[in-house]
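What follows is a set of notes on a single structure, which appears directly below.
One is the number of the first residue; the rest follow in order along the sequence.
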Amino acid sequence: MPADFPPEPWDLRGRGWLTVWVAPRSAFSPHSPGVVPLSVFGQVLVVSAFVDYRPPGLLSYHELMAAVVVRHGIRVGLSITDIWVDDTRSQRGARAMWGIPKELADFTLSAGPLAATARTGTVPIAAADEHPLRAPGLPVRITTSVWQSLRGNAQRTRLGTAARVRPTRLRWRIPQDGRLGRLTAARPLLHLAVTNLRMRFGSP
């Protein structure tokens, strides 16, 4: 039977809100063979984000994720440690093709400014509120790799993004005893609002 999710690459559109954190290396360990956190003095960089994928992209859904900056040999990229979505096709496709451990969650998300929550049933995972700054946006293009464990091997997936990015302020509310509780020991370094997001995930 054909898979019930689209083949790669996935061309997605949308907007997002992210925070870059400085966290203890011991709190974030990728599970891919040969992939190690890129650390300095025992600290690593972690990115957390709420993302709203919308038409005309291939799929439309909400996402909450956390990823750590890693290296595989001399290559630098990201490894997603925690991720939730509200679309089963996104969940199944990401797990099957790229080893991304997506789980299902319920979301509320409104923008302008952002007010977002993610929960599984009645259990909160995280929430974030935006307090915008009067700051201009800048066009950004980034191509990187996402490293995950797939069938016992390190799976490298190409990620290309183009967007407009501006500084903002985000207030995260994360239960200390929850799945993302590790971030309560981290220090926020930078908050960004991302608009006009164009993302290609995977290879033809």
Study note, to complete from the structure: Between the OG1 atom in T81 and the CG atom in L180, the distance rounded to the nearest 0.5 Å is 7.5 Å
Exercise for review: May I ask whether W17 and W84 are part of the same hydrophobic cluster, defined by side-chain heavy atoms of I, L, V, M, F, W, Y residues being less than 4.5 angstrom apart, directly or through others?
Suggested key: yes
Check your understanding: How many angstroms lie between atom CZ of R156 and atom OG of S79, to the nearest 0.5 angstrom?
Key -> 14.0 Å
Check your understanding: Can you tell me how far CG of L58 sits from CG of D11, rounded to the nearest 0.5 angstrom?
Key -> 7.0 Å
**Study point:** Distance, nearest 0.5 Å, that separates NE2 of H62 from OG1 of T117
**Key:** 10.0 Å
Could you give the side-chain donor-acceptor pairs of residues 64-76 under 3.5 Å, partners two or more places apart or in another chain?
residue : atom : partner : partner atom : Å
R71     : NH1  : G73     : O            : 3.4

Practice item. Could you label the plane-to-plane angle of the W172 and F50 rings as parallel, tilted or perpendicular, counting under 30° as parallel and over 60° as perpendicular? Key: parallel
Review point. Is there a donor-acceptor contact under 3.5 Å from the side chain of Q148 to the main chain of P101?
Key: no
Check your understanding: Do V146 and L45 belong to the same hydrophobic cluster, where Ile, Leu, Val, Met, Phe, Trp and Tyr are linked whenever their side-chain heavy atoms lie under 4.5 Å apart, directly or via other members?
Key -> yes
Point to revise | Nearest non-hydrogen partners of L150 and R95, listed with the distance | key: CD1-O, 3.7 Å
Check your understanding: Judged by modelled atom types alone, do T19 and S48 share a side-chain donor-acceptor pair under 3.5 Å?
Key -> no
Exercise for review: Enter the distance from L59:CG to Y53:OH here, rounded to the nearest 0.5 Å.
Suggested key: 10.5 Å
Revision key, fill the gap. Here the gap from T144 atom OG1 to L159 atom CG, rounded to the nearest 0.5 Å, amounts to 6.5 Å
Exercise for review: Identify the heavy atoms of T122 and P124 that sit nearest to each other, and give their distance.
Suggested key: O-CD, 3.4 Å
Review point. Under the 3.5 angstrom rule, does the side chain of S149 hit a backbone N or O of S32 as a donor-acceptor pair?
Key: no
Practice item. Check whether any side-chain N or O of E8 sits under 3.5 Å from a backbone N or O of S203 as a donor-acceptor pair, and report yes or no. Key: yes
